Participant: 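Okay, here's the structure, questions in a sec.
Letters A, B, ... are given to chains in the order of the sequence lines, protein chains preceding strands, and every chain is numbered from 1. Just so it is clear, the structure is predicted and the values come from calculations on it, not from any experiment.
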Number of protein chains: 2
Amino acid sequence: MKATITDVAKRAGVSMKTVSRVLNNEPNVAENTRARVKAIADELRYSPNLAARGLATSKSYLIALMYDNPSPNYISHIQRGAIDACREAGYHLVVQPFSLGDLVSTDEKIRTVRRVMDRLPVDGVILTPPLSDNAAVLEVLEELNIKCVRVAPKNGGAQPFVGMDDETASYQMTQHLLNQGHKKIAFIRGHADHAATSLRHAGYMRAMQEAGLVVSENLIAQGDFSFESGAAAARKLLGGQTEDIPTAIFASNDDMAAAVISVAGQMGLNVPETLSVCGFDDTPLARVVWPALTTVRQPIYKMGHQAAKELVRRSDEQSEKGQILDFEIMLRDSVAKLK
Amino acid sequence: MKATITDVAKRAGVSMKTVSRVLNNEPNVAENTRARVKAIADELRYSPNLAARGLATSKSYLIALMYDNPSPNYISHIQRGAIDACREAGYHLVVQPFSLGDLVSTDEKIRTVRRVMDRLPVDGVILTPPLSDNAAVLEVLEELNIKCVRVAPKNGGAQPFVGMDDETASYQMTQHLLNQGHKKIAFIRGHADHAATSLRHAGYMRAMQEAGLVVSENLIAQGDFSFESGAAAARKLLGGQTEDIPTAIFASNDDMAAAVISVAGQMGLNVPETLSVCGFDDTPLARVVWPALTTVRQPIYKMGHQAAKELVRRSDEQSEKGQILDFEIMLRDSVAKLK
DNA sequence: GTTCATGTTGACAGCGCTGTCATTACTGGA
DNA sequence: TCCAGTAATGACAGCGCTGTCAACATGAAC
């Protein structure tokens with residue numbers, strides 16, 4: 001049988017309430033009492049009954065990670081970070097996927113979200129893209145008065161958020177290509193709905209312009225983050241007039257970069273000797289393709305960690321309205337100096 | 001404010017207990033009472049307080065998905081399946097990763113698992129490989145009297161399980177290659193610790209033997225499921241004497257199969273014209289490599305679904321001791337008829 | 001009409017914890 | 001010396017639900 005607070009109290013010769021104070025690190029407990037209670041709780045392997053505590057405090061000690069069809073890789077890192085933050089605070093993480101994309105009307109979306117949230121007793125939720133900017137979700141959360149943290153949101157808002165500086169990352173990656181002597185650097189854009197798409201594009205443009213280069217229209221291709229769209233973009237970029245053919249292609253995610261490598265191979269171009277390629281995200285794919293992709297590592301784990309930390313923090317702790325986390329440029333084998 | 005059971009009871013002019021009976025589908029409630037209570041509960045958007053219910057029933061309405069360093073893709077499908085089954089039953093899924101690989105002694109593992117499980121109030125857990133066969137985990141669960149379902153376990157045991165028939169899948173895939181006219185079919189084994197490794201190997205051997213073919217030692221290579229090991233295996237298999245060079249390679253997972261395609265490309269071999277390749281698992285990678293991989297789709301979603309279903313089933317429902325789920329052979333572009 | 005089985009309902013306690021408030025012990029200052 | 005202020009502790013109610021058990025209604029069997 002699991003030990004209860006009463007067991008500990010009896011054994012320590014104090015009241016339940018005192019034990020409760022110790023367990024919750026409340027003040028006004030004599031040091032030796034505190035120590036004794038702690039020792040006995042340990043000995044009995046006591047751990048509080050979450051349901052009872054929740055009933056008394058009207059909290060659930062649960063937070064939710066909500067997502068809608070993200071890449072498994074992304075979600076698994078966020079998840080890992082969030083769980084670690086939860087554990088430190090005695091919380092647990094429940095996962096809650098949505099498929100809001102199938103629904104047309106906002107009204108229907110709201111009803112769907114509400115139906116789920118009505119029976120999901122959580123103290124806070126982490127919203128991952130594209131949910132971070134989903135109006136229906138945001139509205140229901142506000143209506144039900146549930147705290148949330150938005151991961152990599154597109155638009156501003158009253159809620160706290162965590163993110164990274166896509167523009168600067170893209171700028172730096174472009175600079176790296178420039179430093180290797182490349183001038184004809186092409187860029188493949190991602191899905192237009194995605195917050196990161198325009199930021200990454202902007203970073204590339206800024207670096208090119210600062211280098212005094214004119215970005216011809218032929219150097220920009222539109223993709224949608226999928227492998228197939230990357231392949232199409234690559235064919236377009238590499239199939240033009242000789243003078244326009246890029247010596248480097250910066251794809252705005254790894255899937256598209258992998259597609260570029262694949263297409264280049266089919267066209268008889270050597271990567272990186274004839275064509276340098278780089279990606280964005282540092283997915284597992286980046287290390288599996290050949291040559292291994294130079295790419296930007298997003299602080300995904302840390303985003304999850306910080307987001308959860310903000311939600312489970314005790315009210316006396318400092319809160320942070322928004323956090324921009326550091327990225328890292330992973331130099332691998334798909335970029336070479338231009339000869 | 002959220003509605004409580006008392007609100008519903010007052011409004012319906014019945015006692016709390018009757019409302020409770022209706023909500024839990026208990027018998028012995030007059031049909032019209034039942035209907036009225038249901039209608040009012042709906043109207044009030046009432047949903048029970050999990051903590052209170054949990055306190056009264058000493059259940060938590062939570063089940064855990066435990067994993068140790070699996071592929072994100074695998075876990076995300078299992079997770080999705082499990083969540084869907086939970087929702088149907090009013091349960092929620094909490095995720096709990098472990099890193100038991102770093103620990104050496106069994107004792108230490110047991111303590112680690114116990115520390116986590118002591119404060120994880122769940123009604124049951126889903127164990128994914130390699131945890132499905134982890135002695136420490138199994139022991140702690142038994143000690144704490146927590147139900148579990150093992151996903152794709154290696155060894156037998158008293159607990160229910162879900163899995164698939166790796167041997168038959170491998171057998172059928174090999175037959176497919178045979179049907180395409182291949183005779184020199186090589187096989188790349190996976191990590192020796194993994195339950196599936198020997199099963200997949202056995203299926204291959206059975207098909208080869210039934211076809212009356214002698215499997216030369218040169219046709220078998222050892223890998224460990226990683227891309228790198230697959231590349232090494234491919235180099236070994238393709239670099240031998242001419243008469244031993246396979247016309248088809250069956251890699252026992254997709255990562256290794258992707259490596260084979262990559263190596264073949266580097267060696268100037270056309271896939272599938274000169275070399276057919278197939279994999280196992282149907283990861284996203286399989287559709288992203290070129291040519292797209294012929295592979296075996298595991299019923300991962302369904303495994304998660306069934307596992308959770310077994311854990312959340314009401315005690316009056318039928319239980320299943322073990323379930324072998326159907327796989328599917330995905331015919332794509334990496335296998336061709338031998339000319 | 002009485003008896004019994006069965007169906008329907010409600011009163012009430014109590015799950016394990018924490019919030020509130022009262023009580024006691026102890027300190028330093030007037 | 002006495003009192004106020006503060007630290008340390010405990011008694012008790014109650015969070016929202018369900019399990020138990022008792023009460024009552026109904027109808028069949030005798």
Side-chain angles (χ1 to χ4, degrees), chain A residues 1-38 40-41 44-62 90-92 118-121 123 314-316, chain B residues 1-38 40-41 44-62 90-92 118-121 123 314-316:
Chain A
M1 211 64 264
K2 271 197 73 170
T4 72
I5 214 176
T6 318
D7 301 331
V8 179
K10 270 195 198 129
R11 186 81 159 259
V14 295
S15 72
M16 280 168 55
K17 182 63 216 187
T18 298
V19 176
S20 169
R21 285 196 182 90
V22 172
L23 298 173
N24 293 290
N25 284 312
E26 287 174 35
N28 299 335
V29 180
E31 259 328 306
N32 60 343
T33 309
R34 193 181 290 275
R36 196 176 43 183
V37 169
K38 267 191 178 151
I40 290 176
L44 262 36
R45 271 174 50 206
Y46 169 78
S47 74
N49 178 316
L50 267 203
R53 181 182 270 186
L55 187 55
T57 54
S58 48
K59 303 208 294 178
S60 66
Y61 298 91
L62 252 33
Y91 271 71
H92 297 291
D118 265 346
R119 43 204 71 207
L120 186 64
D123 296 343
R314 298 182 12 221
S315 47
D316 54 349
Chain B
M1 211 62 265
K2 271 196 72 168
T4 71
I5 213 175
T6 318
D7 301 330
V8 179
K10 269 195 199 131
R11 188 80 158 261
V14 296
S15 72
M16 282 168 55
K17 182 62 217 189
T18 297
V19 176
S20 168
R21 284 195 183 93
V22 172
L23 297 173
N24 294 288
N25 283 312
E26 286 174 36
N28 298 335
V29 179
E31 260 328 304
N32 62 342
T33 310
R34 190 183 293 273
R36 196 178 59 230
V37 169
K38 265 187 180 153
I40 291 177
L44 262 36
R45 269 176 52 207
Y46 168 78
S47 75
N49 179 315
L50 267 203
R53 182 182 268 188
L55 188 55
T57 55
S58 47
K59 303 209 293 178
S60 65
Y61 298 90
L62 253 33
Y91 271 70
H92 297 292
D118 266 347
R119 46 203 69 207
L120 186 64
D123 296 343
R314 296 178 18 219
S315 45
D316 54 348

Participant: Using whole Å, report how far CD of B/E31 lies from P of D/dT26.
Facilitator: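 Computing the B/E31:CD to D/dT26:P distance gives 18 Å.
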
Participant: How many whole angstroms separate atom NZ of A/K59 from atom P of C/dT18?
Facilitator: 11 Å

Participant: B/Y46: what forms a ring pair (Phe, Tyr, Trp, His ring centres under 6.0 Å) with it, not counting sequence neighbours?
Facilitator: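 B/Y46 satisfies ring pair (Phe, Tyr, Trp, His ring centres under 6.0 Å) with no other residue.
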
Participant: Whole Å only: how far is the CD1 atom of B/I5 from the C1' atom of D/dC17?
Facilitator: 6 Å

Participant: Which atom names give the shortest non-hydrogen contact between A/A51 and B/L55, and what distance separates them?
Facilitator: CB-N, 3.9 Å

Participant: Where is the tightest heavy-atom contact between A/P27 and A/R21, given as atom of each residue plus distance?
Facilitator: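 Looking at all heavy atoms of both residues, the shortest contact is O-CD, 4.3 Å.
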
Participant: For A/L62 versus A/Y91, what's the shortest heavy-atom pair and its separation?
Facilitator: N-CD2, 3.7 Å

Participant: Of the options C/dC17, D/dG19, C/dA11, whose atoms approach the side-chain atoms of B/E26 most closely?
Facilitator: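 Nearest to the side chain of B/E26 among the choices is D/dG19.
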
Participant: Where the side chain of A/R53 is concerned, which of C/dT18, C/dC15, D/dT18 is the nearest nucleotide?
Facilitator: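 Looking only at side-chain atoms, A/R53 lies closest to C/dT18.
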
Participant: Nearest to the side chain of B/L55 - C/dT18, D/dG16, C/dT9?
Facilitator: D/dG16

Participant: On DNA chain C, check which nucleotide each of B/K17 and B/P27 is closest to and give me the residue with the more 5' one.
Facilitator: B/P27

Participant: Measure the distance from NZ on A/K10 to C1' on C/dC17 and round it to the nearest whole Å.
Facilitator: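 Going from A/K10 (NZ) to C/dC17 (C1'), I get 15 Å.
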
Participant: Report the distance from atom OH of A/Y61 to atom C1' of D/dC15, rounded to the nearest whole Å.
Facilitator: 13 Å

Participant: Within the 4.0 Å heavy-atom criterion, would you say A/S58 contacts the bases, only the backbone, or no part of the nucleic acid?
Facilitator: nothing

Participant: In whole angstrom, give the distance that lies between atom CZ of B/R34 and atom C1' of C/dG7.
Facilitator: 12 Å

Participant: Nearest whole angstrom, please: distance from the P of C/dG16 to the CG of A/L23.
Facilitator: 15 Å

Participant: Strictly below 4.0 Å: does B/S20 bring a side-chain N or O up to OP1 or OP2 of D/dT18?
Facilitator: yes

Participant: Whether B/T18 contacts C/dT9 is assessed here as follows: a side-chain N or O lying under 4.0 Å from the phosphate OP1 or OP2. Is that the case?
Facilitator: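 The answer is no; no side-chain N or O of B/T18 sits under 4.0 Å from OP1 or OP2.
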
Participant: Under 4.0 Å from OP1 or OP2 of C/dC15: is there any side-chain N or O of B/T57 that close?
Facilitator: no

Participant: Using only heavy-atom distances, decide whether a donor-acceptor pair under 3.5 angstrom links the side-chain of B/R21 to the base of C/dG10.
Facilitator: yes

Participant: At under 4.0 Å, does any side-chain N or O of B/T4 touch on OP1 or OP2 of D/dG16?
Facilitator: no

Participant: For B/R34, does the CZ atom have more than 12 heavy-atom neighbours from other residues, nucleotides or ligands under 6.0 Å away?
Facilitator: yes

Participant: Classify A/N28 by what it touches in the nucleic acid, base, sugar-phosphate, or nothing, heavy-atom distance under 4.0 Å.
Facilitator: base

Participant: Ignoring the backbone of A/A56, work out which of D/dT9, D/dG14, D/dC17 is nearest its side chain.
Facilitator: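 For A/A56, the side-chain atoms sit closest to D/dG14.
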
Participant: D/dC17, OP1 or OP2 - any side-chain N/O from B/Y46 closer than 4.0 Å?
Facilitator: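 Checking B/Y46 against D/dC17: at least one side-chain N or O falls below 4.0 Å of OP1 or OP2.
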
Participant: Starting at NZ of B/K2 and ending at C1' of D/dC15, how long is that distance when rounded to a whole Å?
Facilitator: 14 Å

Participant: So does A/N49 get a side-chain nitrogen or oxygen closer than 4.0 Å to the phosphate oxygens (OP1/OP2) of C/dC15?
Facilitator: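 Indeed not, no polar side-chain atom of A/N49 lies that close.
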
Participant: How is B/P48 classified with respect to the nucleic acid when contacts are heavy atoms under 4.0 Å: base, sugar-phosphate, or nothing?
Facilitator: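 Since only primed, P, OP1 and OP2 atoms lie under 4.0 Å of B/P48, the category is sugar-phosphate.
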
Participant: Does CZ belonging to B/R11 count more than 12 external heavy atoms closer than 6.0 Å?
Facilitator: no

